[in-house]
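The chains referred to below are lettered A, B, ... by the order of the sequence lines, with proteins before strands, and numbering in each begins at 1. A quick note: this is a predicted structure, and the numbers were derived from the prediction, not measured.
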Amino acid sequence: DIQMTQSPSSLSASVGDRVTITCRASQSISNYLNWYRQKPGKAPNLLIYAASSLQSGVPSRFSGSGSGTDFTLTISSLQPEDFATYYCQQSYSTPITFGQGTRLEIK
Amino acid sequence: EVQLVESGGGLIQPGGSLRLSCAASGFTVSSNYMTWVRQAPGKGLEWVSVIYSGGSGGTTYYADSVRGRFTISRDSSKNTLYLQMNSLRAEDTAVYYCARGDCSSPSCYVWHVWGQGTTVTVSS
């Protein structure tokens, strides 16, 4: 199974800050990496797919990069609605696996 | 409008069975990869199962934690996805989400549309 490891597990930041979340795969997954945001009590929402493609309707302050085993999600200027939990997910092979999540909190 | 609505969750005793439903609108379930993902209370996302598009029933895969106990299926006439859960355990307690994949992405395992979730509680 491909293990996905996110860092940090939690992060405190302020509105307007630039933040970066990292995801590492236990083996190469090319660019088969997706990012989701989950607000409390809600279903996850797709932000980025194929490592760097912005999902339709997602604000341009979100961007993704990486390939192989190391990936990043960057939010260029945090907005109030961005304080949530973020998950990476590999779509390379089954079993499909998610990172453990990164909780982004207001400083 | 593309939408997924789950139902069928509830309180069930250990060893019992439950069938979750995921009714789709705005697209055809059988033409898409569909998945179930669960989230235990206070925990992260855990993939449960996937069913491929097309064919008679479609290819299916399961997480090790549910293989042999859970069955994913679909009913084209009702445009609905199902998860039959047998031999339930306390560790199956979670919110269960269904989601739709989009094979226009490089991989079909990209979940573009999610339901609101249905809660399953396994307890005596």
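Residue-level contacts of residues 107-124 of chain B with chain A, in order of numbering, are S107(B), Y109(B), V110(B), W111(B), H112(B), W114(B), G115(B); threshold 4.5 Å between heavy atoms.
Under the 4.5 Å side-chain contact rule for hydrophobic residues, I75(A) and Y36(A) do not share a cluster. Residue W35(A) is not grouped with residue L46(A) when hydrophobic side chains (ILVMFWY) are merged at heavy-atom distances under 4.5 angstrom, including chains of intermediate members. Note: the hydrophobic cluster containing F27(B) does not contain V5(B) (ILVMFWY, side chain heavy atoms under 4.5 Å, direct or indirect links). Hydrophobic clustering, with ILVMFWY side chains joined whenever heavy atoms are under 4.5 angstrom apart, keeps I72(B) apart from Y82(B). Criterion: ILVMFWY side-chain heavy atoms under 4.5 Å apart, direct or through other members. Under it, L11(A) and I48(A) are part of a common hydrophobic cluster.
When all heavy atoms are compared, the tightest approach of Y87(A) to Q39(B) is OH-NE2, 3.3 Å.
For the pair L45(B) and Q89(A), the minimum side-chain heavy-atom distance is 4.5 Å or more. Contact of the Y32(A) side chain with the P106(B) side chain is registered, since non-hydrogen atoms from C-beta on lie closer than 4.5 Å. Between V37(B) and F98(A), the closest side-chain pair of non-hydrogen atoms falls below 4.5 Å.
Counted within 6.0 Å of CZ on R103(A), heavy atoms from surrounding residues, nucleotides or ligands total 12 or fewer; the atom is thus considered open. Summarising the local packing, OH of Y92(A) is surrounded by 12 or fewer heavy atoms from other residues, nucleotides or ligands at distances under 6.0 Å. Counting non-hydrogen atoms of other residues, nucleotides and ligands closer than 6.0 Å to CZ of R69(B) gives a total above 12.
Atom OG of S93(A) sits about 10.5 Å away from atom OH of Y61(B), to the nearest 0.5 Å. For the atom pair D102(B) CG and Y49(A) OH, the distance stands at 7.5 Å (nearest 0.5 Å).
Highest contact tally toward chain B, considering only P44(A), P95(A), G101(A), is held by P44(A) [criterion: heavy-atom pairs under 4.5 Å]. For chain B, the option among I96(A), N31(A), D1(A) with the highest count of heavy-atom pairs below 4.5 Å is I96(A).
Neither the backbone nor the side chain of Q90(A) comes within contact range of chain B, judged by heavy atoms closer than 4.5 Å.
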